[in-house]
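Here the structure comes first, spelled out in structure tokens, and everything after it is commentary.
Only this structure's heavy atoms are used, side chains among them; waters, hydrogens and symmetry mates stay out.
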Amino acid sequence: MRDAFVTGAEEVLADPRSVLVLADISAAAFAPAAVRYPDRVVNVGIREQLMIGVAGGLALTGQRPIVHSYAPFLVERAYEQIKLDLDHQGVGAVLVSIGASYDRAAAGRTHLAPADVSLMDTLDGWTVHVPGHPDEVRPLLRDVVCGTGPAYLRLSTRGNASAYPEAGDLRVVRDAGPGAPLLVAVGPVLDAALHAVADRPVTVAFTHRPRPFDTAGLRALAGGEVILVEPYLAGTSTRVVSDALADRPHRLLALGVSRAELRRYGGPADHDRWHGLDAAGLRRSVDAFLDA
């Protein structure tokens, strides 16, 4: 996904309104773009708070900044500047992270950020995209850069076998018929979710846009049981789903990264297993929920 982002960013930099703001991360990958657009590729060094401040200033002058770093540095470390220099000023920027929840688990806790989407959800009016395949990245980047509002694009090293670039609204990828339990998979967890319920009558829908959540699609698809599978902090979208279904009886199971501090390294697959987000772990949780 990072390679697709680099290619896509070089494409949108052809628009003189676009400016790429970096804090050393991926600077080497963007070296050719910096030569081609020397005034519109800005590397502030390892100063993530300054990176957001610069983006806010550029946005106030009418530019469309694209801001990029690892998720914990981009969202968690610079959250106050996102809140003040972008949100409070009422200007838009496109934040693009890599690292996802625990893609760089081998680098330790400093590089883990499973709470990034939950943190962005404390701000109003942000669009959040969580692609599930590299082929979804470039069209999503073009769409948000061509817009005016604030957007967060969360990239991962992992993905699904198939791309669904148009799946901002919920897209049904497996229909179990009217009244069946509904499983909503966000971004790169779709394949594991499909495998987990392969022999159960469960409708599976996919989205790469958890904010704004497709509440109309949810209401059209949901029966009495909803399973939410997100590749970040468990329960991040519980509020949205519960509010959308507040006028009808329903049961909700929210699966994602737990709040437990594992204090382990390992790799992404290990963390999937430890958090119950691999196919076997999802199956155990779904069975316990539906058979209760």
Side-chain angles (χ1 to χ4, degrees), residues 1-23 25-26 29-30 32-43 51-69 71 74-75 78 81-82 85-98 116-117 120-121 123-156 159 163-171 186-187 206-217:
M1 291 190 191
R2 192 205 297 222
D3 291 343
F5 164 60
V6 171
T7 301
E10 291 173 344
E11 292 169 349
V12 298
L13 281 170
D15 180 348
R17 192 176 65 117
S18 301
V19 182
L20 179 65
V21 188
L22 307 172
I25 298 298
S26 299
F30 283 108
V35 172
R36 190 173 182 184
Y37 305 105
D39 297 330
R40 290 189 289 112
V41 177
V42 181
N43 183 3
M51 176 175 64
I52 298 297
V54 168
L58 289 167
L60 284 169
T61 69
Q63 299 295 108
R64 185 64 164 159
I66 305 164
V67 192
H68 169 64
S69 189
L74 177 66
V75 176
Q81 282 66 42
I82 295 172
D85 297 347
L86 296 177
D87 201 61
H88 181 63
Q89 295 291 339
V91 293
V94 178
L95 309 185
V96 183
S97 73
I98 53 174
D116 57 338
V117 176
M120 295 302 298
D121 204 28
L123 304 173
D124 184 46
W126 282 75
T127 297
V128 177
H129 287 289
V130 183
H133 189 281
D135 288 349
E136 296 167 11
V137 174
R138 288 168 66 192
L140 289 177
L141 181 65
R142 285 195 301 269
D143 286 348
V144 294
V145 171
C146 289
T148 58
Y152 177 42
L153 186 59
R154 185 187 205 254
L155 308 184
S156 177
Y164 300 97
E166 305 301 324
D169 291 341
L170 292 180
R171 172 175 178 150
V186 178
F206 169 78
T207 184
H208 54 58
R209 193 199 66 214
R211 296 295 181 279
F213 198 93
D214 179 17
T215 54

Notebook entry, point to check: Of Q63, H68, R40, M51, which meets side chain to side chain contact (heavy atoms under 4.5 Å, CB included) against V21?
Noted result: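 Among Q63, H68, R40, M51, the one that satisfies the side chain to side chain contact (heavy atoms under 4.5 Å, CB included) with V21 is M51.
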Check: Is a donor on one side and an acceptor on the other found under 3.5 Å between the side chain of R64 and the backbone of V94?
Finding: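 Pair absent, no side-chain N/O of R64 close to backbone of V94.
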Margin query: Going by side-chain hydrogen bond (donor to acceptor under 3.5 Å, both in side chains), name the residues that satisfy it together with D169, two or more places apart in sequence or in a different chain.
Written below: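 For D169, the residues satisfying side-chain hydrogen bond (donor to acceptor under 3.5 Å, both in side chains) (neighbours in sequence not counted) are R209.
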Next item on the list: Evaluate the criterion side chain to side chain contact (heavy atoms under 4.5 Å, CB included) for residue pair V186 and V117; output intermediate values, then yes/no.
Entry: CA-CA 12 Å; V186 178; V117 176; over 6 Å; no
Compare every heavy atom of [Y] with every heavy atom of [X], then report the nearest pair and how far apart it is.
{"X": "P165", "Y": "P139", "value": "CB-CG, 4.1 Å"}
{"X": "G92", "Y": "A59", "value": "O-CB, 3.5 Å"}
{"X": "A71", "Y": "D116", "value": "CB-OD2, 3.8 Å"}
{"X": "A78", "Y": "I52", "value": "CB-CG1, 3.6 Å"}
{"X": "A167", "Y": "F206", "value": "CB-CD2, 3.6 Å"}
{"X": "L22", "Y": "V41", "value": "CD1-CG1, 4.4 Å"}

Just how far is it from atom [atom1] of [X] to atom [atom2] of [Y], taken to the nearest 0.5 Å?
{"X": "L95", "Y": "M120", "atom1": "CG", "atom2": "CE", "answer": "5.5 Å"}
{"X": "D85", "Y": "L58", "atom1": "CG", "atom2": "CG", "answer": "11.5 Å"}
{"X": "L155", "Y": "E136", "atom1": "CG", "atom2": "CD", "answer": "11.0 Å"}
{"X": "H133", "Y": "M1", "atom1": "NE2", "atom2": "CE", "answer": "8.0 Å"}
{"X": "H88", "Y": "L123", "atom1": "NE2", "atom2": "CG", "answer": "12.5 Å"}
{"X": "L140", "Y": "H208", "atom1": "CG", "atom2": "NE2", "answer": "4.5 Å"}

Note to self: So, using salt bridge (Lys or Arg N to Asp or Glu O under 4.0 Å) as the criterion, who are the partners of R138 when residues are at least two apart?
What the structure shows: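 Testing R138 for salt bridge (Lys or Arg N to Asp or Glu O under 4.0 Å), a comparison that skips the adjacent residues, returns E11.
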Next item on the list: For D15, check side chain to side chain contact (heavy atoms under 4.5 Å, CB included) against everything at least two apart and list the hits.
Entry: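 Scan of D15 (side chain to side chain contact (heavy atoms under 4.5 Å, CB included), adjacent residues dropped) gives R17, S18.
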Below 4.5 Å, heavy atoms only, C-beta onward: do [X] and [Y] meet side chain to side chain?
{"X": "I82", "Y": "Y152", "result": "no"}
{"X": "P134", "Y": "D3", "result": "no"}
{"X": "L153", "Y": "S97", "result": "no"}

Notebook entry, point to check: Checking side chain to side chain contact (heavy atoms under 4.5 Å, CB included) for the pair L141/V96: CA distance, chi angles, key distance, verdict?
Noted result: CA-CA 9 Å; L141 181 65; V96 183; 4.3 Å; yes
Next item on the list: Flag the pair F30 / F5 as yes when their ring centroid distance falls below 6.0 Å, and as no otherwise.
Entry: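 So the answer is yes for these two rings.
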Item checked: Derivation and outcome, side chain to side chain contact (heavy atoms under 4.5 Å, CB included), residues R154 and V128 -> CA-CA 8 Å; R154 185 187 205 254; V128 177; 5.5 Å; no
